[in-house]
S.K.: 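Structure provided below as structure tokens; questions to follow.
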Amino acid sequence: MKNSKATSASTNAAHDEISSKLGKLFEDGVRDIYWAEKALLKALGKMSKNATSEDLISALELHQTETEDQVLRLEKIFSLLGKAPRGKKCDGMEGLIKEAESMMDESDEGPMRDAAIIAAAQKAEHYEIASYGTLRTFAQTIGLNEAVSILNETLEEEKDTDTKLTELAISNVNLLAASQSDEE
Ligand code: FE
Ligand code: FE
């Protein structure tokens, strides 16, 4: 009896330690994606200015609005953690945005540049899907249930955006094919 009590006390201590380390990873991850979302807000604006297809422009503008809400949701999570919202530079997203800018510069305006924008935007969405998926799992593990549902809402928006971009990529490929055969 004495032994099992000692074991459960040490199991609890180990569990507490894991929780506190995961809590730190969680907070770092929230700060990373907070920086990334704010950087993406600007990048989405640049992408929609450079896009030609009306459908692509409206998808990017819609996602810009959603991204503004996502920033607010992250601020809610900071308040659940009792922390002031503070971003931490996300090297991954910075790199993806730099790539997006050079892809736009190097492509001809029209369906070719739209293809580059869609490709770059999908890479950014995939980064976000991975980040929010991980953060949701961390939040579940440490029992932050309110954060789980907030993160889930954003995760679903990112997935829907990715699906929409895939559909736009397919119709853009048809436009590209048509513009190629016009040139021949
Ligand atoms: Fe986002
Ligand atoms: Fe997104």
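This is a predicted model, so every value here is computed, not measured. Values reported hereafter were calculated over all heavy atoms of this structure, with side chains retained and with hydrogens, waters and symmetry mates removed.
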S.K.: Check whether E158 reaches the backbone of E125 with its side chain - one donor and one acceptor, N or O, closer than 3.5 Å.
M.R.: no

S.K.: Give, for atom OH of Y132 and atom CD of E157, the distance between the pair rounded to the nearest 0.5 Å.
M.R.: 9.0 Å

S.K.: Sequence neighbours left out, what passes side-chain contact (heavy atoms from CB on, under 4.5 Å) with K21? Give chain and number order.
M.R.: E17

S.K.: Do I33 and L135 come within less than 4.5 Å of each other through their side chains, counting heavy atoms only?
M.R.: yes

S.K.: Taking atom OG of S149 and atom CG of L155, what is their separation to the nearest 0.5 Å?
M.R.: 12.5 Å

S.K.: Specify the closest pair of heavy atoms between A124 and M93, including all atoms of both residues, with the distance to one decimal.
M.R.: O-CE, 4.0 Å

S.K.: Between D28 and K24, is any pair of side-chain heavy atoms under 4.5 Å apart?
M.R.: yes

S.K.: Going by heavy atoms in the side chains, are E37 and E128 under 4.5 Å from each other?
M.R.: yes

S.K.: Taking only Lys NZ, Arg NE, NH1 and NH2, and the carboxylate oxygens of Asp or Glu, determine whether D160 and K164 approach each other closer than 4.0 Å.
M.R.: no

S.K.: Does one hydrophobic cluster hold both L80 and V148, with members joined at side-chain heavy-atom distances below 4.5 Å?
M.R.: no

S.K.: Mind checking what makes salt bridge (Lys or Arg N to Asp or Glu O under 4.0 Å) contact with E68, not counting sequence neighbours?
M.R.: none

S.K.: Apply salt bridge (Lys or Arg N to Asp or Glu O under 4.0 Å) to E101 and list each qualifying residue two or more places apart in sequence or on a separate chain.
M.R.: K46

S.K.: From L151 CG over to E156 CD, what is the distance, rounded to the nearest 0.5 angstrom?
M.R.: 12.0 Å

S.K.: Restricting to pairs with a member in residues 20-78, which pass ring-ring contact (aromatic ring centres under 6.0 Å, His included), not counting sequence neighbours?
M.R.: Y34-F78

S.K.: Test Q122 against every option in T161, L168, T166 by the side chain to side chain contact (heavy atoms under 4.5 Å, CB included) rule and name the one that passes.
M.R.: T166

S.K.: If we check salt bridge (charged side-chain N to carboxylate O under 4.0 Å, His left out) with E94, which of these qualifies: K88, K89, K42?
M.R.: K89

S.K.: Could you grab the distance from atom CG of D162 to atom NZ of K123, nearest 0.5 Å is fine?
M.R.: 13.5 Å

S.K.: In a table with atom names and distances, give each donor-acceptor pair under 3.5 Å that connects a side chain of residues 106-121 to protein atoms at least two apart or in another chain.
M.R.:
from	atom 1	to	atom 2	distance (Å)
S107	OG	M103	O	2.9
S107	OG	M104	O	3.2
R113	NE	M104	O	3.0
R113	NE	S107	O	3.1
R113	NH2	S107	O	2.7
D114	OD1	T52	N	2.8
D114	OD2	S53	N	2.9

S.K.: How far does CG of L25 sit from CZ of F138, to the nearest 0.5 angstrom?
M.R.: 4.5 Å

S.K.: Looking only at heavy atoms, what is the nearest atom pair of I57 and A51, with distance?
M.R.: CD1-O, 3.5 Å

S.K.: Just how far is it from atom CG of D32 to atom OH of Y127, taken to the nearest 0.5 Å?
M.R.: 4.0 Å

S.K.: How close do I142 and G23 get, counting heavy atoms only, and between which atoms?
M.R.: CD1-CA, 3.9 Å

S.K.: Which residues satisfy the salt bridge (Lys or Arg N to Asp or Glu O under 4.0 Å) test with E146, sequence neighbours excluded?
M.R.: K76

S.K.: Please confirm whether the backbone N or O of N152 pairs with a side-chain atom of R136, one donor and one acceptor, at under 3.5 Å?
M.R.: no

S.K.: Quick one, L74 with I150, criterion side chain to side chain contact (heavy atoms under 4.5 Å, CB included). Give me CA distance, side-chain angles, the key distance, then yes/no.
M.R.: CA-CA 8 Å; L74 289 170; I150 294 171; over 6 Å; no

